[in-house]
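Sequence lines set the chain letters: A, B, ... in the order given, protein chains first and strands last, and positions in each chain run from 1. Nothing here was measured: the structure is a model prediction, and the numbers come from that model.
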Amino acid sequence: MTLRLHNTLTATKDVFEPVAAGQVGMYTCGPTVWNYAHAGNLRAFLVYDLVRRHLQVSGYDVTHVMNLTDIDDRILDQAMHAGVTIGDYVKPYVAAFFEDMGALRAQPATHYPRATEHIPEMVEMISELIENQHAYIADGDVYFRIASFPTYGALSHLDRAGLRAGARIAQGGRGLGSAEPVPGGASSRIRQDKYDKESVSDFALWKKAQPDDEKLGAAWDAPFGRGRPGWHIECSAMSKRYLGVTLDIHAGGVDLMFPHHENEIAQSEAANHKQFARFWLHSEHLADATGEKMSKSAGGFTTLRDLTDAGHDPVAVRFFLLASAHYRTRLRLSTESLHAAAEQVRRLREFADRVQRSTPSDVDDGDLLRRIGEVRTGYREALDDDLNLPQGVGLVFELAREANAAMDSGRVGERSRDALLLLVDDFDAHLDIVRSEEPGLAQEVARLIAEREAARKGRDFGRADQIREELREKGIALEDSKEGVRWRRVR
RNA sequence: GGCGACGUAGCCAAGUGGCAAGGCAGAGGUCUGCAAAACCUCCAUCCCCAGUUCGAUUCUGGGCGUCGCCUCCA
């Protein structure tokens with residue numbers, strides 16, 4: 001069995017092999033923590049989770065790095081409005097991001113580097129680029145010289161002649177020189193860095209500190225002047241720090257392909273003289289109800305909180321985002337689809353539960369045993385074929401029906417039951433929906449409730465509230481009532 | 001304007017040169033004290049037109065439609 005992944009670089013499904021046997025270094029573009037992540041962002045993050053899980057299933061030891069962009073124009077603007085430093089501004093959104101990922105059962109990444117905590121690495125890389133003529137200083141800003149990197153555009157398959165034309169102008173959209181306001185009030189800042197570039201397509205590595213930046217805690221010293229990093233450099237610098245110069249896999253949403261990933265390649269390869277990433281994976285957009293890409297400016301902006309407030313189980317959201325469509329096809333968010341996902345989750349859980357509890361009959365049905373084997377193989381092959389989870393899940397449902405019928409008529413013996421349990425493990429390795437409660441959770445909750453009751457009796461309300469808060473973070477809500485303390489899952 | 005993707009049942013969606021997975025919703029049934037769960041049955045000439053082929057939903061060309069990217073974006 002061979003894992004094949006669609007590689008944007010080659011535009012084909014290529015057999016995956018890491019540089020070092022058995023070990024995979026994967027870098028994925030994480031959130032810009034200027035707001036809550038929306039469902040489209042979450043889809044991308046869950047796709048990373050799927051890639052990572054399947055690599056693990058395939059026997060690889062995965063080092064997964066996901067950055068947190070905690071400095072960018074939007075953050076600066078918002079922090080300014082709020083009158084706080086960017087560090088303070090970002091804090092609740094970082095927390096919300098981790099809460100969301102937990103609720104969606106994404107495995108934690110190995111490292112979550114933050115841009116503001118890796119300024120030295122970025123400064124070093126920028127210095128290197130200036131030194132070897134791939135970057136230049138212009139009025140305190142530092143720009144990457146695209147003309148110095150002939151293969152620019154290879155990933156997104158855009159040719160440089162087309163880019164230079166500033167193509168949007170032809171459409172009457174916002175041209176490069178236009179100062180037309182951008183939704184969100186970011187216009188003044190976005191206008192700032194457009195002077196003295198050798199070429200319009202050159203992008204900023206470093207932006208000269210503005211007076212406001214100092215107040216916001218967004219300025220750092222560097223040999224080429226005080227300022228702050230441009231957006232792209234963080235990924236190049238941080239991936240190198242944690243994974244070395246060549247990544248096995250770099251993943252992100254399609255909208256990052258150009259210019260972000262293209263710029264990363266240019267920076268990294270110009271600085272390191274080594275291939276930056278061997279496999280580029282891009283997940284498709286989530287569309288809103290109207291069929292258009294979900295984004296803040298378009299208005300269709302749904303967060304996980306919105307969905308859970310509307311009564312959707314985060315695990316159903318996970319299933320919807322991951323299993324209802326292949327990661328490279330557009331998926332449309334709708335109440336009906338979420339409901340369908342919830343039903344599928346319920347059925348799979350019900351099935352897993354039934355298998356676990358069933359008492360094997362005396363004889364095994366040979367046909368059933370063979371079918372289970374077929375489906376396990378087919379499932380594995382579907383995932384190996386560029387992570388086709390929807391297809392794999394289809395096979396599982398087909399078998400679940402057959403197996404349920406077999407259990408109805410007592411035709412599931414010991415061997416079949418064991419095989420079914422393995423199948424459940426197979427699909428849950430990716431879906432992670434079966435385990436509805438962590439083992440021992442009820443006992444643990446009961447213990448904590450007892451401890452909290454003792455604390456309350458002793459009027460140690462600080463401790464009592466601490467326990468309640470801890471449980472709340474794990475998704476357990478406590479309710480004190482006359483009949484005693486009740487607890488329930490809230491996500 | 002340039003580049004690219006997609007169009008499969010009421011909805012979501014997988015897929016293949018040879019009888020079109022799966023899920024949701026719907027209809028009927030089995031089981032059940034009733035219900036739930038589970039199971040059974042039913043529910044698609046794969047956007048249109050040409051071409052290649054013994055055979056096309058799948059390949060090629062054209063059309064129509066939807067969407068994405070072209071320096072804010074997962």
Side-chain angles (χ1 to χ4, degrees), chain A residues 11 28-32 34 37-48 72-74 146 153 156-159 161-174 176 182-184 186-187 189-190 200-204 231-232 251-260 262-263 282-287 290-298 319-320 323-326 328-348 350-351 353-354 378 382 385 388-409:
Chain A
T28 61
C29 286
T32 299
W34 72 292
H38 67 239
N41 302 136
L42 296 174
R43 182 186 188 195
F45 304 153
L46 286 177
V47 168
Y48 308 158
D72 89 325
D73 288 344
R74 290 168 300 182
I146 286 182
S156 49
H157 310 286
L158 290 170
D159 79 277
L163 300 176
R164 213 171 305 131
R168 266 191 188 173
I169 295 166
Q171 281 291 31
R174 282 195 306 279
L176 290 170
V182 173
S187 57
R189 194 167 292 282
I190 283 168
V200 285
S201 11
D202 288 350
F203 58 91
W231 172 36
H232 314 291
V254 270
D255 46 4
L256 296 184
M257 202 163 91
F258 187 91
H260 183 54
E262 206 73 72
N263 292 352
H282 288 102
S283 62
E284 254 300 342
H285 292 310
L286 180 73
T290 67
E292 291 188 6
K293 171 185 163 184
M294 182 176 289
S295 72
K296 186 75 175 178
S297 52
F319 187 95
F320 165 73
S324 60
H326 185 256
R328 284 192 295 111
T329 68
R330 266 187 292 277
L331 175 63
R332 191 184 286 209
L333 180 69
S334 72
T335 306
E336 214 174 345
S337 296
L338 284 167
H339 174 252
E343 271 305 295
Q344 293 180 81
V345 168
R346 189 194 56 73
R347 286 203 58 187
L348 289 175
E350 201 94 41
F351 172 68
D353 199 44
R354 187 177 180 188
D385 183 12
N388 199 334
L389 187 59
Q391 186 174 46
V393 165
L395 296 173
V396 169
F397 274 108
E398 217 173 333
L399 186 78
R401 195 183 59 239
E402 295 167 29
N404 272 323
M407 285 189 277
D408 283 348
S409 55

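Remark: C19(B) base-pairs with no nucleotide; criterion is Watson-Crick or G-U wobble with both hydrogen-bond distances under 3.5 Å. With both pairing distances under 3.5 Å, C67(B) is matched to G4(B) as a Watson-Crick or G-U wobble pair. As the counterpart of G61(B), C49(B) is assigned, both hydrogen-bonding distances of the Watson-Crick or G-U wobble pattern falling under 3.5 Å. Under the Watson-Crick and G-U wobble criteria, each requiring two contacts below 3.5 Å, nucleotide C42(B) is paired to G26(B).
With sequence neighbours excluded, the residues that form a side chain to side chain contact (heavy atoms under 4.5 Å, CB included) with Leu395(A) are Val375(A), Glu398(A). Remark: Arg354(A) engages Asn404(A), Asp408(A) in a side-chain hydrogen bond (donor to acceptor under 3.5 Å, both in side chains) (not counting sequence neighbours). For Arg346(A), the salt bridge (Lys or Arg N to Asp or Glu O under 4.0 Å) test picks out Glu343(A), Glu350(A), with sequence neighbours left out. Asn41(A) meets the side-chain hydrogen bond (donor to acceptor under 3.5 Å, both in side chains) test with His38(A); sequence neighbours excluded. For Asp255(A), the salt bridge (Lys or Arg N to Asp or Glu O under 4.0 Å) partners are Lys293(A), not counting sequence neighbours. Taking the ring-ring contact (aromatic ring centres under 6.0 Å, His included) definition, one finds that His232(A) meets it with Phe203(A), His260(A), sequence neighbours left out. In this view, Tyr48(A) and Phe45(A) satisfy the ring-ring contact (aromatic ring centres under 6.0 Å, His included) rule, not counting sequence neighbours. Under the rule for a side-chain hydrogen bond (donor to acceptor under 3.5 Å, both in side chains), the partners of Glu262(A) that lie at least two apart in sequence or sit in another chain are Ser156(A). Residues satisfying the side-chain hydrogen bond (donor to acceptor under 3.5 Å, both in side chains) criterion with His285(A), sequence neighbours excluded, are absent altogether.
Taking atom NE2 of residue His285(A) and atom C1' of nucleotide U66(B), one finds them 14 Å apart after rounding to whole Å. Look at NE2 on His157(A): it is 10 Å from P on G4(B), rounded to the nearest Å. Between the NE2 atom of His38(A) and the C1' atom of C72(B) there is a distance of 12 Å, given to the nearest Å. One atom, CD of Glu284(A), and another, C1' of A5(B), lie 7 Å apart when rounded to the nearest Å. Rounded to an integer number of Å, the gap from CZ of Phe351(A) to P of G23(B) is 13 Å. Protein atom CG of Asp353(A) is 11 Å distant from nucleotide atom C1' of A37(B), rounded to whole Å. The NE2-C1' distance, from His282(A) to A5(B), rounds to 15 Å in whole Å. The distance from atom CG of Leu348(A) to atom P of G23(B) is 10 Å, rounded to the nearest whole Å.
Using C1' as the reference atom, A9(B) and G15(B) are 16 Å apart when rounded to the nearest Å. Straight-line distance between the P atoms of C46(B) and U58(B): roughly 9 Å, to the nearest whole Å. The separation of C72(B) from U16(B), taken at their C1' atoms, amounts to 41 Å, rounded to a whole angstrom. With both ends at atom P, the span from U8(B) to U66(B) equals 14 Å, rounded to whole Å. Distance noted for atom P between C6(B) and U45(B): 24 Å (whole Å). Of the P atoms belonging to A38(B) and G23(B), the separation is 11 Å, rounded to the nearest Å. For C39(B) and A5(B), the C1' atoms lie 41 Å apart once the distance is rounded to whole Å. Separation of the P atoms belonging to G29(B) and G22(B) is 24 Å when rounded to the nearest angstrom.
Place Pro259(A) and Glu350(A) on RNA chain B by their nearest nucleotides, and Glu350(A) ends up nearer the 5' end. Heavy-atom nearest nucleotides on RNA chain B were determined for Arg354(A) and for Ser156(A), and the one closer to the 5' end corresponds to Ser156(A).
Contacts of Gly394(A) with the nucleic acid, taken as non-hydrogen atoms under 4.0 Å apart, include base atoms. If you check every strand for non-hydrogen atoms under 4.0 Å, Gly40(A) touches a base. Within 4.0 Å (heavy atoms only), Leu286(A) reaches at least one base atom of the nucleic acid.
The distance from atom OG1 of Thr329(A) to atom CD of Glu284(A), rounded to the nearest 0.5 Å, is 7.5 Å. Atoms CZ and CG, from Phe320(A) and Leu46(A) in turn, are 11.5 Å apart once rounded to the nearest 0.5 Å. Here the CZ atom belonging to Arg332(A) is positioned 13.0 Å from the OG atom belonging to Ser324(A), to the nearest 0.5 angstrom. Note that CZ of Arg330(A) and OG of Ser283(A) are 12.5 Å apart. Values are rounded to the nearest 0.5 Å.
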Set out, line by line, the N/O atom pairs under 3.5 Å between protein and nucleotides 31-35 of chain B.
none

Expected rows: protein N/O vs nucleotides 39-42 of chain B N/O, under 3.5 Å:
unit_1: C39(B); atom_1: OP1; unit_2: Arg347(A); atom_2: NH2; d: 3.4
unit_1: C39(B); atom_1: OP1; unit_2: Asn404(A); atom_2: ND2; d: 3.2
unit_1: C39(B); atom_1: OP2; unit_2: Arg347(A); atom_2: NH2; d: 3.4
unit_1: C39(B); atom_1: O4'; unit_2: Asp408(A); atom_2: OD2; d: 3.2

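Residues Phe351(A) and Val396(A) fail the side-chain proximity criterion, which asks for heavy atoms closer than 4.5 Å.
Residue Arg346(A) has its side chain nearest to A37(B) when only G22(B), U71(B), A37(B) are considered. Set against A21(B), C69(B), U71(B), the side chain of Val200(A) has U71(B) as its closest nucleotide.
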*At under 4.0 Å between heavy atoms, which parts of nucleotides 9-20 of chain B does protein reach? Answer with one letter per nucleotide, 5' to 3': B base, S sugar-phosphate only, - none.*
-BSSSSS-----
